[in-house]
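We name chains A, B, ... by the order of the sequence lines, and we start the count at 1 in each one. FYI, side chains are in, hydrogens and waters are out, and symmetry mates aren't considered; it's all heavy atoms of this structure.
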Amino acid sequence: MPTVRLYNTMSRAIDVIEPLEPGHLRIYCCGPTVYDFAHIGNLRKYVCDDILVRTLRHAGLNVTHVMNVTDVDDKIINAAPGGLDAIREYTAPYTKAFFEDLATLRIQDPDVVCAATEHVDQMVDMVQKLIDRGHAYQSDGSYYFRIASFPEYGRLARIDTAGMRAGARVEVDEYSKDDVRDFALWKAHKEGEVAWDTSLGRGRPGWHIECSAMSMHYLGESFDMHTGGVDNAFPHHENEIAQAEGATGKPFVKYWIHHEHLLMDSQKMAKSLGNTFTLRDLLDRGLDPVGLRYLLASAHNRTQLNFTNEAVEQATQTVKGLHDFMRRLADAKAEEGEPSDLAEEAGEARKAFFEAMYNDLQTPQALAAMFDLVKAANIALQHKTCTSGDIEAVRDAMLEFDQILNVLDAGEEEILDEEIERMIREREEARERRDWQKADELRDVLEDQGVLLEDTADGTRWKRA
RNA sequence: GGCGGCGUAGCCAAGUGGCUAAGGCGGCGGUCUGCAAAACCGCUAUUCACCGGUUCGACUCCGGUCGCCGCCUCCA
């Protein structure tokens, strides 16, 4: 099995990935809070997770991928006062939209998707363990994690907890805590808010507790990998560690992966700047979802990616080029010329591509290896003798790359359109008569319908624009 | 104020203490084509924000300046 290396926020180094259980990698990815449509910056994170999981699977690991859906939090409660029915009614469409967005971006669904509101029991159990072990206390019906009881606090984000007292942010929490650094595990019921009647009393879970409770419920008290946006490292993941390790006394997660943010036109994305766009917004503007996937996948996950309209259009062009290439490959026939060494080139490209991916997900280098092969194959197809084995090797390599990238066409066969076929035949006849004017006219008509023609030695081909 | 990241061609984006600074998109010129398209060939950063320093040698290491971005209690 190949060695996979990834940057681990905990160690601040590129670590060799060795699952706790050999051959089986258990990963938890922080999921969406479904109070609104996901914006493109949120979605980058899921594309990064997708590339990561696909790479781990390609390396031969059996991956169990769990993702949460946060369907109860302050924003949701504010938007949907009342009980559980009210927040479910409010969040359901956003949850549905979120998974539609994942599908649009060709992101594989996780093996397990868990909603916070369906795991309150597990969270209550965990809070109880924290109380029993002296890490939590009650105040006015709410429960808090006592940071002073967990000396390791701040290890992930390298935060000096002493300095938090002088933090720039103003404390806005109206609940009473022993120490400003402590965070809520369970919030006492307030009138008009959703609540559960539990052994802790009537109330609702804090945000961080859901991820600790659900990840351990599905993946065990210690598991391999946990992902999130860079902003989640502190406080969310730091708090998760405190809760999990406080409750079990065992190490929580071995590898922490954090994905960088997307910039919009070199600016941060923020509602106040009016530059957050949902996938729907972008599709309405005519952007191609697969081009978008390619763009989001094409930069390294730990660098900020600058999102511009132009960049998406470029990515879309690139993907079109790959589609053209696969088609050319499918139609390829052996030609006379010097013998090609395409099979070897394919092998080299494969090696380079996956070495790059296995070495901290270096997508840009992997893509460069792929394009080197595309170029070599195009040259060979034009000037050399390619055996069916040569062509097959290139095709297999491309399809293998696409196990990670997932941007190629799924189905080969384009539905034949009789009207289009008839016009193409008509144009062929015109061309035989050397009636170029008529032929060009027909080509223009088809182009207006989004059909592009290519006259090749083997006849005219067409594709959708 | 504290901590951290980044600044590479028109655009997106890799990279290394010293061979010609990856790759993609775009543009220009050419081959092919009835014309196109696709593909191919050539050109498109004497230079890596700026200023110093270390070094035989730095884009890569150090210091400073400017710019952008993130975290510092619930934002991917």
Side-chain angles (χ1 to χ4, degrees), chain A residues 12 29-33 38-46 48-49 70 73-75 147 157-161 163-164 166-173 177 180-184 206-208 227-236 238-239 258-263 266-271 294-295 298-300 302-322 324-325 327-328 356 362-372 374-375 377-379 381-383 431 434-437 439-440 443-444 447 452-457 460-463:
Chain A
R12 307 278 161 130
C29 299
C30 279
T33 299
H39 63 66
I40 189 65
N42 298 329
L43 291 169
R44 178 193 186 188
K45 190 251 172 197
Y46 301 101
C48 288
D49 282 341
T70 300
D73 89 320
D74 292 355
K75 285 197 246 7
I147 281 179
R158 311 230 168 153
I159 294 277
D160 176 8
T161 56
M164 288 172 66
R169 292 270 187 110
V170 178
E171 178 57 50
V172 293
D173 202 325
K177 301 188 284 192
V180 291
R181 302 171 301 165
D182 293 346
F183 59 91
W207 175 42
H208 313 291
T227 76
V230 280
D231 53 333
N232 279 155
F234 193 89
H236 184 53
E238 198 67 60
N239 291 353
H258 291 101
H259 305 301
E260 250 300 348
H261 282 177
L262 192 66
L263 300 183
S266 302
Q267 296 283 300
K268 67 174 174 182
M269 259 192 275
K271 292 211 164 143
Y294 181 90
L295 174 67
S298 65
H300 186 89
R302 270 184 294 108
T303 66
Q304 294 173 341
L305 171 62
N306 191 21
F307 184 98
T308 62
N309 244 7
E310 195 186 356
V312 185
E313 271 151 29
Q314 289 172 3
T316 303
Q317 277 309 114
T318 304
V319 170
K320 274 187 186 161
L322 290 172
D324 283 342
F325 175 68
R327 185 178 168 135
R328 167 178 255 246
Q362 300 189 79
T363 337
Q365 288 88 332
L367 292 173
M370 177 177 76
F371 286 109
D372 284 347
V374 169
K375 182 127 182 170
N378 272 326
I379 291 169
L381 288 171
Q382 197 158 316
H383 301 295
R431 290 181 71 216
R434 301 191 154 261
D435 183 354
W436 309 127
Q437 200 184 331
D440 291 350
R443 183 167 62 193
D444 290 345
E447 190 174 340
L452 299 180
L453 299 187
E454 285 177 30
D455 299 323
T456 74
T460 299
R461 295 195 313 199
W462 65 278
K463 64 177 179 181

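The nearest whole Å value for the distance from the CZ atom in A:Arg327 to the C1' atom in B:A38 is 10 Å. Atom CH2 of A:Trp207 is separated from atom C1' of B:U73 by 10 Å (rounded to the nearest Å). Nucleotide B:C75 holds its P atom 13 Å from the OH atom of A:Tyr46, rounded to whole Å. B:G24 atom P lies 11 Å from atom CG of A:Asn378, rounded to whole Å. In this structure, CG of A:Asp440 is placed 11 Å from P of B:C35, rounded to the nearest angstrom. In this structure, A:Asp231 atom CG and B:C74 atom C1' are separated by 11 Å, rounded to whole Å. As a whole-Å value, the separation of A:Arg44 CZ from B:C75 C1' is 16 Å.
In this structure, A:His236 reaches neither bases nor backbone, as no heavy-atom distance under 4.0 Å exists between it and the strands shown. In this structure, A:Ile379 reaches the sugar-phosphate backbone alone: every heavy-atom distance under 4.0 Å involves primed, P, OP1 or OP2 atoms, never a base.
Interface remark: the A:Arg302 side chain does not form any donor-acceptor pair with the B:G5 base, using a distance-only criterion of under 3.5 Å. Checked by distance alone, A:Gln314 brings no side-chain donor or acceptor within 3.5 Å of a matching partner on the base of B:G26. For B:C35, the base has a donor-acceptor partner in the side chain of A:Asp455 [N/O atoms by modelled type, under 3.5 angstrom]. Judged by distance alone with a 3.5 Å cut-off, a donor-acceptor contact links the side chain of A:Arg443 to the base of B:A36.
Both thresholds, 5.5 Å between centres and 30° between ring planes, are met by A:Trp436 relative to the base of B:G34, so the two rings are stacked.
Looking at the side chain of A:His383, the nearest of the listed nucleotides B:C40, B:A38, B:C12 is B:C40. The A:Ala439 side chain lies nearest to B:G34 when the options are B:G34, B:G26, B:C72. Here B:A13 is the nucleotide among B:G23, B:G26, B:A13 with the atom lying nearest to any side-chain atom of A:Leu305.
Under the side-chain contact (heavy atoms from CB on, under 4.5 Å) criterion, A:Ala38 pairs with A:Asn42, A:Leu43, A:Phe98, A:Asp101, not counting sequence neighbours.
Counting only distance, with no hydrogens or angles, the side chain of A:Lys45 and the backbone of A:Cys30 share a donor-acceptor pair below 3.5 Å.
Rounded to the nearest Å, the gap between the P atom of B:U47 and that of B:U54 is 23 Å.
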Problem set entry | Pair assignment for RNA chain B - dot-bracket with | for other-strand partners, Watson-Crick or G-U under 3.5 Å | (((((((..(((.....[....)))((((((.......))))))....(((((..]....))))))))))))....

